[in-house]
Amino acid sequence: MNCLMRRSQNLLLWRNSCVKHRSTDAASANRNAAGKLSYEEFIGHQQKQAQRSIIVQVSSEKSYPELYNYCSRFGSILGAHHYCVRQDEALHYVLLEYSTSGEAAAAIDSGVSNGDLCGVPVRSPFLWFRAPPAGSKRSPNLAPSGTLPALNAIDGGRVMESSQLLALVRGAQSIDEQVLLLHKHTRLNDLGIRLRFLAALQVQQAISGMFPTAQAQPFGSSVNGFGKMGCDLDLILRFNDDTGSQKGLAVSEPSRLVFHTKENLSNGRSQTQRHMECFGDMLHLFLPGVCHVRRILQARVPIIKYHHEHLDLEVDLSMSNLTGFYMSELLYMFGEVDPRVRPLTFSIRRWAQSCGLTNPSPGRWISNFSLTCLVMFFLQQLRQPILPTIGALAKAAEPGDSRVTEDGINCTFARDMDRLGFRSRNQSSLSELLLQFFEFYSQFDFHNRAISLNEGRALSKPDHSAMYIVNPLEQLLNVSKNVSMEECERLRIEVRNAAWVLESEVENVALPVSEGERQEHSWGLLNLFKHPEKPLIRPNMFFKPRMVEVSDLFEQKELTPSPSTPQ
Ligand code: CTP
Ligand code: MG
């Protein structure tokens, strides 16, 4: 909660300007001539891009021509992005992308320590651009304006103000278009992804001297295509690489020289906790930008949380959650298989957030990840499924798809969906699917049934958890074990309300409404999103009597519409 409050106080004010010179962006990078990048290719592309990039703090965007001119001596700059982080005052940063990682390294290596300030200098992609020494000439030969990628005013990285977003979504022509607009304007964009991979690279480079094979790999919503602007970064620090990214390296003969290692007598978990404690100290004491380091070492997956002040980013670093990494791959693949999957999930996640079903801090409520699993399961069990089952993907695996984690968990499944030959014949529109989702879970027997994405059908519940979602990769675990009876009941009530509201909205949209009325009032998707200050209720909306009253079950933040609500 604290973190949330701090976030809203220090409201991240991304004033990003994204300049394309000969650069790429995530959208184009995600597609190749044949169609799509696999998850591993996508991750590899982003990691390489991060290795070619540096982030330089400047006094304002006006410093950019001088910075460009200065930094061009190290190599060819492909593109530049400007963003701000607001603390007491706006801090300005420019991300420069070079054409090679060697050029970026040369720029970093030219960095010097700041003699005036204390602190051990650390090699990292985070630098600042100081004024030239007194008496020296400022910018002797500025680049001709034609060759300089000018910073323009594209707001590519900013979390859009909710009033602006509401106005945009109101202006849509249909509920389907509203769903698409919401996705388009709230999903994590190219700059957001770049910054997250730079945060990962910073950790990796910081420890590379002692741990040359260590990899800091982003996973979760930052890379699975379900992340929204401002989402946290989940990072796994790995010391033995067994992902596909390294598998391609042909080793003619295994080396006969083996690293000596330090023997540890304690068990694996306490050893990991001890190591993480040590990394936590290292990050806290030395890494520029890292602050508010918290160690949560008793959790099932021990993590170190920190805030990155140059990126205004919350980071969760783990060392033992490789299934989470592969789970992100599954979600990425699901998002790629059908263009309706991500926009639909974004609307559902936004709806859940607006009615308080989800909350950024962990607790007895459903997490975004569990909610995403509910959406994926819904899309699998349709009469005309939109997603294949994970079991089918596991069956279609080939030898190259084999992945087994260090603790022996099998994460083998076909990485290429095309191999399944799965083609959905489902033609439902986004609004139809949204309504079907709410109706499906209004009826779902959470009391007796467990959700299995592996099989794409409900199973008998193996224990008394309120909600049971079989963890697809660790099938003895329940993804939604944390959810309490009350929260599960609240979900059931809210999906029934949402089904009811959306049904009315779909009927209303068919009525002729003037453009002005559409712009002025919340309608369609927006009426699903309850708002504490003003209930988003369309003036001419009639409520049906099957509205479920929730007020006697829990304290509500917002008004539950009743048949007597002003129309
Ligand atoms: N994960 C998992 N099993 C869980 C919880 C999480 O496999 N019980 C994996 C998933 O791949 C998930 C990732 O860990 O995407 C990160 O978890 P979390 O941060 O909770 O969810 P996100 O998907 O990143 O969503 P958010 O934007 O809310 O952070
Ligand atoms: Mg996350």
Side-chain angles (χ1 to χ4, degrees), residues 3-4 7 39 42-43 159 183 186-189 192-193 195-197 199-200 216-238 243 296 299-308 313-335 341-342 345-346 348-354 357-377 390 403 405 407 409-411 413 450-454 465 467-483:
C3 150
L4 236 196
R7 272 198 160 198
Y39 179 71
F42 166 70
I43 298 276
V159 180
H183 175 235
T186 58
R187 71 182 170 203
L188 187 62
N189 67 2
I193 297 173
L195 298 183
R196 282 160 178 76
F197 275 82
Q217 276 169 328
F219 68 104
S221 57
S222 297
V223 295
N224 65 17
F226 292 92
K228 58 175 189 179
M229 289 300 296
C231 71
D232 297 354
L233 168 66
D234 299 293
L235 206 54
I236 178 166
L237 191 54
R238 311 188 46 230
T243 60
I296 300 164
R300 184 179 75 81
V301 176
I303 55 171
I304 293 170
K305 279 180 167 297
Y306 62 88
H307 182 76
H308 203 296
L313 180 66
E314 285 296 315
V315 184
D316 283 1
L317 176 75
S318 63
M319 281 170 52
S320 56
N321 187 23
L322 205 51
T323 57
F325 177 78
Y326 291 125
M327 189 62 223
S328 303
E329 180 167 22
L330 277 169
L331 288 185
Y332 175 89
M333 289 167 64
F334 279 165
V341 176
R342 285 176 179 143
T345 310
F346 267 65
I348 292 167
R349 281 166 70 145
R350 182 104 186 177
W351 156 79
Q353 183 194 6
S354 76
L357 285 171
T358 52
N359 186 311
S361 55
R364 290 155 68 81
W365 37 85
I366 190 166
S367 66
N368 269 330
F369 174 60
S370 293
L371 189 62
T372 306
C373 289
L374 292 189
V375 183
M376 301 303 119
F377 178 72
I390 294 175
R403 307 280 187 279
T405 67
D407 32 10
I409 299 160
N410 191 350
C411 299
F413 51 85
I451 282 166
S452 165
L453 282 88
N454 302 73
S465 309
M467 182 186 285
Y468 203 109
I469 303 172
V470 179
N471 186 318
L473 297 174
E474 292 179 83
Q475 292 183 38
L476 294 177
L477 299 181
N478 172 10
V479 166
S480 52
K481 194 172 186 296
N482 61 307
V483 177

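Positions are given from 1 along the sequence. Ligands are counted one by one from 1 in listed order, and the atoms in each one are counted from 1 as well.
- When atom types are taken as modelled, the side chain of Ser480 and the backbone of Met467 share a donor-acceptor pair closer than 3.5 angstrom.
- Residue contacts with ligand 1: Thr323 is placed with no nitrogen or oxygen under 3.5 Å of a nitrogen or oxygen of the ligand (distance criterion only).
- The name of the N, O or S atom in Asp234 nearest to the Mg ion (ligand 2) is OD2.
- In this structure, CG on Leu235 lies 9.0 Å from OG on Ser222, to the nearest 0.5 angstrom.
- The N/O atoms of Arg300, backbone and side chain alike, include none that comes under 3.5 Å of an N/O atom in ligand 1.
- Contact annotation for Glu314 and ligand 1: no heavy atom of the residue comes within less than 4.0 Å of the ligand.
- The protein non-hydrogen atom at the shortest distance from atom 23 (O) of ligand 1 is Ser221 N, 3.8 Å.
- The closest side-chain heavy-atom distance from Cys411 to Thr405 is below 4.5 Å.
- The shortest N or O to N or O distance between Asn368 and ligand 1 is below 3.5 Å.
- Every atom of ligand 1 is numbered from 1 in the order shown, and the set under 4.0 Å from a heavy atom of Arg349 is 25 (O), 26 (P), 27 (O).
- Proximity of Asn224 to ligand 1, defined as any heavy-atom pair under 4.0 Å, is confined to the side chain (atoms from C-beta onward).
- At least one side-chain heavy atom of Met376 sits less than 4.5 Å from a side-chain heavy atom of Val341.
- Between Tyr332 and Phe42, the ring-plane angle classifies as parallel under the 30° and 60° cut-offs.
- Under 4.0 Å from ligand 1, the heavy atoms of Phe219 that appear belong solely to its side chain.
- Nearest non-hydrogen protein atom to atom 18 (P) of ligand 1 is Asp234 OD2, 4.1 Å.
- Taking only non-hydrogen atoms, the option from Phe369, Tyr332, Phe325 nearest to atom 10 (C) of ligand 1 is Phe369.
- Ligand 1 lies out of reach of Asp232, whose nearest heavy atom is not under 4.0 Å from it.
- Asn482 places none of its side-chain heavy atoms less than 4.5 Å from the side chain of Pro362.
- Considering only heavy atoms from C-beta on, Ile348 stays 4.5 Å or farther from Leu374 through its side chain.
- Between Ile43 and Phe219 there is no side-chain heavy-atom pair separated by less than 4.5 Å.
- The shell of residues lying under 4.0 angstrom from ligand 1, judged by heavy atoms, excludes Ser367.
- Comparing heavy-atom distances from atom 11 (O) of ligand 1 across Pro362, Ser318, Gly220, Gly324 singles out Gly324 as nearest.
- Taking the ring centroids of Tyr39 and Phe325, they lie under the 6.0 Å cut-off.
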